[in-house]
Amino acid sequence: VAKVLIAGAATGALHGEVRVPGDKSMSHRAVMLAALAQGDTRIEGFLSGEDNLSTAAVFAQMGVQVDWRNQAKTALTVHGVGLHGLHEPEGVLDAGNAGTCARLMVGVLAGQPFHSVLVGDASLHQRPMARVADPVRMMGARVDGREGGRKLPLAIHGGGLQGINFEPKVASAQVKSCVLLAGLFAKGETRVREPRSTRDHTERMLPLFGQSVEQEDGWIVLCPADSLLAPQTMVVIPSDPSSAAFFAVAAGMIAGSSVRLPAVGVNARRDGWRRIFTAMGGEIALTNGCTVGSEPVADLEVAASSLHGVQVAASDVPDAIDEFPLLFAAAALSDGEFVLHGAAELRVKESDRIAVMADALNAAGASVEPLDDGARIVGRERLPGGCEVDAHGDHRIAMAMAVAAQRAEAPITIRNAEAIVTSFPDFVPLAQQLGMNLHWSAA
Ligand code: S3P
C-alpha cells in the first residue's frame, strides 16, 4: 500500500537517548572485503537497510555464503571465498538504489575474469557511472553500458588488470574506493590522488584484512598482497553519523531539547555537518571518545540553541556531502543567510538534491534560491507548512523534510518517502521516541 509521511510541529522539546543504526558506507565495505577475504568474518553493527542488503545479495549471487546471526540482520558471518573465489553470476546483479554498491562493485567486478551485468533502480540508472567505468577500463577491464557505457546497466568483463596512477576529477569516495578495490586484482601498484580528501573507510578497513594502504605525497597507494585474509576478523561498525545528524539537528532546532546519541562515528571525513552546524550556533558535545576497529567513535550530546546562517567553506563540502538536505532544512529555520557553493555533486545524488530540496522547502514557505552548485537560503522562525512535498524517492530528502516540519505551523505531507528504508529503516519510530511529530499514513 502506498503511504505518505506526515510530519508537523513538535509538541515539545526532544529528550532521550537513541542508538542509531550502523554506518552505511562501512557496512558496504565490510561485506565486500569479508566476501573477498579467505575465511570467515563476523560483522556487528551492520546496517540492515535495503542498500546494504543489496550488497550482501550481490555477493550471494556470486557464491558467497552469508549467515545472519540475529533477526534484525545487524550481525552476520560472511564466509569469504578469497580474491579469486567468486563465480560468474547467472542473473543480473541488482544494486537497487545504492550508488555505493554499484560503484564499488564496478571495481570488484573489473577484477573478475567473467561476465557480469550490473543494474539498479530507476534513480540509479540515471546516475553517472563513467567516473568508475573509465578508470577500470584504463586498468584493462571491458565495460559496456547504456549511453556509451556511462550509465547502468553495465556489462563488465574483467580480469588481467594493470595498476594505474589515477587522479579523479570529482572528489568521490566511491570512485577512489572502486579503483582501490580493482587494485586488489591488478598487477603492480594502484595509486589514487584526490582533488579533495573524501571519506577514507576503505583505506582504514583494508588493513584489518591484512592489505596495507600507504600515503605518499598526497597519493593513496595500494600494492596488492596475494590475498585478503580473515583470520577470525571481526568488524564492528559504529552508528552512522549521517543518520545521527537528523536527530542532532532536530534537537538543536527545537527549544529546550537535549538528546544523546551514543557510539557515533566521528571520522573527520564525515563530520562536515557537525563543523557547519556548530558554525551556525549548534551545540554538540563529544564524550566517551574511543576507537572501534579502525574508526574513531564518540557519544554526541546535543542541546537546543539559536541558529544562524553561514557561508559554507568549500573545504567542508566533501565532508558534509550527504548532509546538505538536512543543513538546508536547518538553514531555512535559522537567522539570516546561508550560502553554499562548490557542491554541484548534489545534483547527481539519489535525486537532484539542490532542485528537490529547494522545491520542497519553498513549497513549505521557505526562501531557497537554488544555485548551479549550491543554494542561498534566507531563514525564518517558522515555516508555514500545510503543503504536500515530493521526496522523489530520496531517503535523505524525506528525512530532512520531516525535520523541517518540526517547526512548521501546519503539517507537511511528504510523498515518495518510502526510500527511508534504504539507509534508516527505523527512522520514524526512533524519531517518535525522541518526541518528534511524524507518522506514516495511507496515501
Ligand atoms: C559514499 C560516498 C559519497 C556519499 C555516499 C556514500 C561512500 O558519494 O554521497 O552516500 O560510501 O563511498 P560520492 O563518492 O559520490 O561523493
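Being a predicted model, the structure only gives us computed values, none of them experimental.
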Residue set satisfying side-chain contact (heavy atoms from CB on, under 4.5 Å) with A263, at least two apart, ordered chain then number -> R19, V297
If every non-hydrogen atom of K73 is compared with every non-hydrogen atom of S48, which pair is closest and at what distance? O-CB, 3.2 Å
For R69, side-chain contact (heavy atoms from CB on, under 4.5 Å) partners two or more places apart: R42, E44, A75, T77
Are R131 and S172 close enough that a side-chain donor and a side-chain acceptor fall under 3.5 Å? no
Return yes if some donor-acceptor pair links the side-chain N/O of D240 with the main-chain N/O of K24 below 3.5 Å, else return no. yes
Considering residues at least two apart in sequence or located in another chain, which fulfil the side chain to side chain donor-acceptor pair (under 3.5 Å) criterion with D134? R137
Spatial distance of atom CZ (R270) from atom OG1 (T198) [nearest 0.5 Å]: 11.0 Å
Acceptor/donor pairs from residues 148-167 side chains to any protein atom, 3.5 angstrom cut, sequence neighbours excluded:
residue, atom, partner, partner atom, Å
K151, NZ, E147, OE1, 3.1
E167, OE1, R193, NE, 3.1
E167, OE1, R193, NH2, 3.0

Taking only distance into account, with no hydrogens and no angle test, what donor-acceptor pairs under 3.5 Å do side-chain atoms of residues 92-103 form with protein atoms, sequence neighbours excluded?
residue, atom, partner, partner atom, Å
D94, OD1, G96, N, 2.8
N97, ND2, D121, OD2, 2.9
T100, OG1, Q174, NE2, 2.8
R103, NE, P128, O, 3.2
R103, NH1, Q174, OE1, 2.4
R103, NH2, P128, O, 2.8

Which residues share a side chain to side chain donor-acceptor pair (under 3.5 Å) with S227, sequence neighbours left out: none
What's the spacing between R269 CZ and S25 OG if we round to 0.5 Å? 14.0 Å
Taking side chain to side chain donor-acceptor pair (under 3.5 Å) as the definition, give me every residue that meets it alongside D394, ordered by chain and number, with sequence neighbours left out. S351, R353
Name all residues meeting the salt bridge (charged side-chain N to carboxylate O under 4.0 Å, His left out) criterion together with E214; count only those two or more places apart in sequence or in a different chain, and write none if there are none. none
Donor-acceptor pair, T41 side chain versus A230 backbone, under 3.5 Å? no
Interatomic distance, D271 atom CG to F277 atom CZ [nearest 0.5 angstrom]: 14.0 Å
Report the distance from atom SG of C223 to atom CD of Q211, rounding to the nearest 0.5 Å. 7.5 Å
Who are the salt bridge (charged side-chain N to carboxylate O under 4.0 Å, His left out) partners of D316, not counting sequence neighbours? R275
Ignoring hydrogens and angles, write down the donor-acceptor pairs under 3.5 Å from the side chains of residues 415-429, residues two or more places apart or on other chains.
residue, atom, partner, partner atom, Å
R415, NE, E388, OE1, 2.6
N416, ND2, D390, OD1, 2.9
E418, OE2, K3, N, 3.4
T422, OG1, A419, O, 2.7
S423, OG, H395, ND1, 2.7

E337 side chain to G309 main-chain N or O, any donor-acceptor pair under 3.5 Å? no
Look only at the side chain of R204 and the backbone of S294, and say whether a donor-acceptor pair between them is shorter than 3.5 Å. yes
Is the count of non-hydrogen atoms from other residues, nucleotides or ligands lying under 6.0 Å from Q215 atom CD greater than 12? yes
Minimum heavy-atom separation for G342 and D373, please, with both atom names. N-OD2, 2.8 Å
Would a distance-only check, ignoring hydrogens and angles, find a side-chain to backbone donor-acceptor pair under 3.5 Å from T55 to H28? no
Tell me which donor-acceptor pairs under 3.5 Å the side chains of residues 322-335 have, and how far apart each pair is, sequence neighbours excluded?
residue, atom, partner, partner atom, Å
D322, OD2, R199, NH2, 3.0
E323, OE2, S242, OG, 2.8
S334, OG, A330, O, 2.7

A side-chain contact here means heavy atoms from C-beta on lying under 4.5 Å apart; do L340 and L346 qualify? yes
Gap between atom NE2 of H201 and atom CD1 of I237 - 0.5 Å precision: 10.5 Å
Once ring-ring contact (aromatic ring centres under 6.0 Å, His included) is applied, do any residues pair with W68, and if so which ones, sequence neighbours excluded? F46
